[in-house]
S.K.: 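Okay, handing you the structure first.
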Amino acid sequence: MTPAVGHQRDVYRPPLQKPAQPRVHPSPRPAEVEEFEDDAVLKGVLFEAVHLVGLRVEIVEMEQSHLVGTRLNGTSLERCVLSDLVCENVDFANLRSRDTSLLKSTVATSRLTGAHWTSGQFTDVTIEGGRADLAQFRHSKLKRVVFHDVNLQQVDFQFAELAHVSFESCDLTGAQFANAKMIRVEFANCTMLDISGTAGLNGATVRGPGAMELGLSLAREAGILIEQ
């Protein structure tokens, strides 16, 4: 089975659902590194230019909060719930996350390079600008998620479930979609060279130059040699 490339008149596609916007605290209080610990419950806090680097935390709940210019490089999150967050210029590079939920949140001009979001849940999330190259979303569930103008080179969506997800003006060169499941997923004006696991794109809609680029990957995986 192959992804839906172009317009298909005989296939009904329900409207793409958009993410809900976060509801953040109007006057968040400044928070310190020491507060980000196991079993912490944080509501209406502001982590600004704080280094939460290399920490290992479990069962943290954070809601209606801001993260601005904060670093979480190499930090490990286990069974955490993060909801109604606004993240700006946050460095998530090489984050290790498992069974963690990111709900009704926005992530703007941030770096997620090499981050691992294994078996996570992403609902009502907008990721805009920045980069998430080499990031892994294996076995994660994404619902009502938007990736806009994000560098997603070599991103890994193996075994992920995507529903009402849109990729807009993203670079997906070398992305991996093996065994992914898709319901109402759109790729618009994306770079889609050297895609692997193209069968996992079954049901997706591709618009713009990515449709032709994806065709080359489909041919390669089908064993078709194209000569010019």
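Below, each value reflects all heavy atoms present in this structure, side chains not excepted, and no hydrogens, waters or symmetry copies. Predicted model, so just to flag it, every value in this text is computed and none were measured.
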S.K.: Do Glu78 and Val57 touch side chain to side chain, with heavy atoms closer than 4.5 Å?
M.R.: no
S.K.: Please answer: with hydrophobic residues joined when any side-chain heavy atoms are less than 4.5 Å apart, are Val60 and Leu55 in the same cluster?
M.R.: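 Yes, it is one cluster - the side chains of Val60 and Leu55 are joined through contacts under 4.5 Å.
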S.K.: Do Asp133 and Asn151 have side-chain atoms, one donor and one acceptor, less than 3.5 Å apart?
M.R.: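 Result is no, nothing qualifies.
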S.K.: Tell me whether Asp156 is salt-bridged to Arg138, with the criterion being a basic N under 4.0 Å from an acidic carboxylate O.
M.R.: yes
S.K.: Indicate yes or no for a side-chain donor-acceptor contact from Asn189 to the backbone of Ser169 under 3.5 Å, with no hydrogens or angles considered.
M.R.: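 No.
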S.K.: Do Leu95 and Leu112 have side chains that approach each other closer than 4.5 Å (heavy atoms only, starting at C-beta)?
M.R.: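 No, their side chains stay 4.5 Å or more apart.
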S.K.: For the residue pair Ser83 and Ser105, what are the closest heavy atoms and their distance?
M.R.: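 Minimum heavy-atom contact is C-OG, 4.0 Å.
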S.K.: Is it true that, when you exclude Ile183 itself, more than 12 heavy atoms of the residues, nucleotides or ligands shown sit nearer than 6.0 Å to its CD1?
M.R.: no
S.K.: Within the side chain of Ser140, is there an N or O that forms a donor-acceptor pair under 3.5 Å with the backbone of Gly120?
M.R.: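 Yes: the side chain of Ser140 pairs with the backbone of Gly120.
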S.K.: Do Cys190 and Phe147 come within less than 4.5 Å of each other through their side chains, counting heavy atoms only?
M.R.: no
S.K.: Show which side-chain atoms of residues 171-181 pair as donor or acceptor with protein atoms under 3.5 Å away, not counting sequence neighbours.
M.R.:
from	atom 1	to	atom 2	distance (Å)
Asp171	OD1	Thr173	N	3.1
Asp171	OD1	Thr173	OG1	2.6
Asp171	OD2	Gln153	NE2	3.0
Gln176	OE1	Ala178	N	2.9

S.K.: Where do His66 and Pro28 come nearest, in terms of heavy atoms and distance?
M.R.: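 Taking every non-hydrogen atom into account, ND1-CG, 3.8 Å.
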S.K.: Surrounding NZ of Lys104 (heavy atoms of other residues, nucleotides or ligands, distance under 6.0 Å), is the total greater than 12?
M.R.: yes
S.K.: Look at Arg79 together with Asp99 and state whether they make a salt bridge at an N to O cut-off of under 4.0 Å.
M.R.: no
S.K.: Taking side chain as C-beta onward, heavy atoms only, is Thr70 less than 4.5 Å from Leu52?
M.R.: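 When only atoms from C-beta onward are counted, Leu52 and Thr70 do touch, with a gap below 4.5 Å.
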S.K.: Which ILVMFWY residues can you reach from Val81 by hopping between side chains whose heavy atoms are under 4.5 Å apart?
M.R.: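 ILVMFWY cluster around Val81 also holds Leu103.
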S.K.: Determine whether Asn73 and Asn94 satisfy the following criterion, side-chain hydrogen bond (donor to acceptor under 3.5 Å, both in side chains), listing intermediate values before the conclusion.
M.R.: CA-CA 6 Å; Asn73 309 94; Asn94 300 314; over 6 Å; no
S.K.: Over 60° means perpendicular and under 30° means parallel, so tell me whether Phe167 and Phe187 are parallel, tilted or perpendicular.
M.R.: parallel
S.K.: Hey, what's the ring geometry for Trp117 with Phe122, parallel, tilted or perpendicular (30° and 60° as the breaks)?
M.R.: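 Taking Phe122 first and then Trp117, their aromatic rings stand perpendicular (interplane angle over 60°).
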S.K.: Salt bridge or not between Arg184 and Glu186? Use side-chain N to carboxylate O under 4.0 Å.
M.R.: yes
S.K.: Specify the closest pair of heavy atoms between Arg111 and Asp91, including all atoms of both residues, with the distance to one decimal.
M.R.: NH2-OD2, 2.9 Å
S.K.: Taking C-beta and beyond as the side chain, do Met62 and Phe47 meet within less than 4.5 Å on heavy atoms?
M.R.: yes
S.K.: Show which residues join Val68 in its hydrophobic cluster (side-chain heavy-atom contacts under 4.5 Å, direct or indirect), or state none.
M.R.: Leu46
